[in-house]
Amino acid sequence: MLSSNLILELYIFALAAFLGYQLISKVPSVLHTPLMSATNAIHGIILVGAISLAATAHGALGLSIAMAALILASMNVVGGFVVTDRILEMFSKQHQK
Amino acid sequence: MTNARALVYLITTVLFIYGVMRLRNPQQARSGNTLAAIGMLLALIATLVGVSIHRPLILVIGIVVGGVIGALSARLVRMTSMPQMVALFNGMGGGAAALVASGDVLRLVPHANAGAADLTVALLDILIGAVSFSGSLIAFAKLNEWMTGRPITYTGQRAINAIVFGILVLGGAYLIITGDAHQGGFFLAYALGAIVLGLLGVFPIGGGDMPVVISLLNSFTGLAVAATGFLLKNDVLIVAGTFVGASGAILTQLMSRAMNRSLGNIVFGAFGQIQTHGSAGAVDGTVQETHAEDVAILLSYASRVVIVPGYGLAVARAQQEVKELMNNLEAKGVDVRFGIHPVAGRMPGHMNVLLAEVDIPYQNLYDMDAINPDFPRTDVVLVVGANDVTNPDARNNPSSPIYGMPILNVDAAQRIIVLKRSMNPGFAGIDNPLYLNPKCQMLFGDAKQSLNQLLQALNEVVV
């Protein structure tokens, strides 16, 4: 018997998959790059996972893994959003004209 | 998980989705990105407040070091290098997901209480995350020209990749069934194997196809994050990871469709190898070279000019010169338009971004479908560092690897002037018969230098 919690998680999984597919289905090609870059930043949410790992990790190996995960995930979050913003800055400039 | 934190995660989820909705519209896109960033910040604060901080140093050092490196590299890099930065940060995310999964299983090792379901998810997570990590690094190196952008191929390549993949799948199944995954050594070997698979998988893909590959690996990282969410029982990871995984998948499909190629052809086709057999149906002819002075006169007496920018323009950072050329010609009463191919440069929208950087008005930029009917009425087409997107073989030569790709029909214009560094083939590695067209003339040299010479010559022309 699957736990009701897992069932709920699977529901979330299925709905999020449809939503992601549906939202991106009809966008002009000029927006492909910013969308790729923005969703790239969003999966930086793994930093939340890295933080919870760091809170419970122990031992030299465990702590090094947690530290590496924190660094990589923070790069993903900050770098991802900044790059997207720089790309979109150009777009908004373009459309003000 | 406390209720307060769960509620913040819910707000984060809404901000992510609403942010992406706004990103589908150019005018609202920037605010969409900001909303998503705010959602991220909220989730991070809620998580940090919630954890027992008995090791604050690790948290602070990790987040500050990663954040500073990320911010600086994203800020300092040139606009032309944006695609490889996306690849790099995507790889970091994939690596982080694989590490969190490894760390989570390791944490449970002494108690040996990770069940088979958890182990399966963890191994899958490590596989996808590590492939995304190493694959993205190769994509970064190829785009940054740290290694050749051409496909790296060798005999038995597909067989070797299939064997490595097979070993990882079977090895994973073995680890789960026997419970040996509780031993760190096996785990490490598995992760290393997955990293190797990512390297091998991206080696044979040419630099021109990298945007599609990055999008695919972006989708992979999303899935790895979702898997981590299942492992940690964290809803916001599941929903955000799945959302990115699914949108990345459809985006990958849209991008390969823009090149009229299948995803399978891109990933497994080793597209862009140098063609050794010579282009079939090649027309005999000679390449005609021209000089800046002649081009200046030609342009001055034209009534309609279309400029076709490509990656060469981006590399030479010649967007300012192109702008001056446009101003100069418009002052002479010439109608100047820009014809932009959807995949010109190294990422969709690359050229729009570059030209916008120097304030070239939006109404002068025409996309492929809008500009193609104009070419027969165009006096001169100036191709600045674009190659494959103007190759008539895509239309005429069924044996060409790019046959079927929609192109800019520049050969319909009265005259074509191509600014190009040398006769080397373009990024796809194939010959362009356009250069043998009697209507076409070549102006060799770096785009920035050629344009400067052209500007100087234009100032001396009296109309």
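Letters A, B, ... mirror the listed sequences (proteins, then strands); counts begin at 1.
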* **Nearest atoms (heavy-atom pairs only) where A:A69 meets B:L99** => N-CD1, 3.6 Å
* **Which of A:L19, A:L15, A:I42 touches chain B most, by non-hydrogen pairs under 4.5 Å** => A:I42
* Identify which part of B:A36 has an atom lying under 4.5 Å from any heavy atom of chain A, answering side chain, backbone, both or neither. => both
* Asked: Once you round to the nearest 0.5 Å, how far does CG of B:N33 lie from CZ of A:R86?
  -> 13.5 Å
* To do: Sort A:A17 into side chain, backbone, both or neither according to what part of it lies under 4.5 angstrom from a heavy atom of chain B.
  => both
* To do: State the CE-CD1 distance between A:M67 and B:I63, to the nearest 0.5 angstrom.
  => 10.5 Å
* Would you mind checking which part of B:T228 comes under 4.5 Å of any heavy atom in chain A, side chain (CB onward), backbone (N, CA, C, O), both or neither? => side chain
* Output the option from A:T84, A:L23, A:L63, A:L53 having the highest count of non-hydrogen pairs under 4.5 Å with chain B. => A:L23
* Test B:T34 against A:D85 for side-chain hydrogen bond (donor to acceptor under 3.5 Å, both in side chains), laying out the working first. => CA-CA 8 Å; B:T34 310; A:D85 192 61; 4.6 Å; no
* To do: Taking all heavy atoms of A:I45 and all of B:A240, pick out the closest pair and write down the distance.
  => CG2-CB, 3.8 Å
* Taking it one step at a time, do A:F13 and B:V239 satisfy side-chain contact (heavy atoms from CB on, under 4.5 Å)? -> CA-CA 6 Å; A:F13 179 79; B:V239 69; over 6 Å; no
* Asked: Do B:L23 and A:L31 come within less than 4.5 Å of each other through their side chains, counting heavy atoms only?
  -> no
* Engaged part of B:V77 at the chain A interface, taking heavy atoms whose separation is under 4.5 Å -> both
* **Between CG on residue B:N218 and NE2 on residue A:H43, distance to nearest 0.5 Å** => 4.0 Å
* Structure fact -> Greatest number of non-hydrogen atom pairs under 4.5 angstrom with chain A, of B:V86, B:N25, B:I340, falls to B:V86
* **Beyond-backbone contact of A:M75 with B:V65, side-chain heavy atoms, under 4.5 angstrom** => no
* **Side chain, backbone, both or neither of B:L217 within contact of chain A (heavy atoms, under 4.5 Å)** => neither
* Asked: Quick one: what part of B:Q253 sits under 4.5 Å from any heavy atom of chain A, side chain, backbone, both or neither?
  -> side chain
* Asked: Are any non-hydrogen side-chain atoms of A:L6 and B:F230 less than 4.5 angstrom apart?
  -> yes
* To do: Under 4.5 Å heavy-atom distance to chain A, tell me which part of B:L254 shows up: side chain, backbone, both or neither.
  => both
* Is there a side-chain contact between A:I24 and B:V20, using heavy atoms and a 4.5 Å cut-off? -> yes
* Top contributor to chain A interface from B:G70, B:A97, B:A246, B:G62 [non-hydrogen pairs under 4.5 Å] -> B:G62
* Asked: Any chance the side chains of B:N234 and A:S52 put a donor and an acceptor closer than 3.5 Å?
  -> no
* Sort A:L8 into side chain, backbone, both or neither according to what part of it lies under 4.5 angstrom from a heavy atom of chain B. => neither
* **Shortest non-hydrogen contact from B:S247 toward A:T39** => OG-CG2, 3.6 Å
* Structure fact -> Distance col, row A:L10:CG vs B:I238:CD1, nearest 0.5 angstrom, shows 8.0 Å
* Student check: side-chain heavy atoms of B:T242 and A:I12 closer than 4.5 Å -> no
* Heavy-atom distances under 4.5 Å only: say whether A:V83 touches chain B with side chain, backbone, both or neither. => both
* Structure fact -> Heavy-atom nearest pair, B:I58 first then A:A54, reads CG2-CB, 4.5 Å
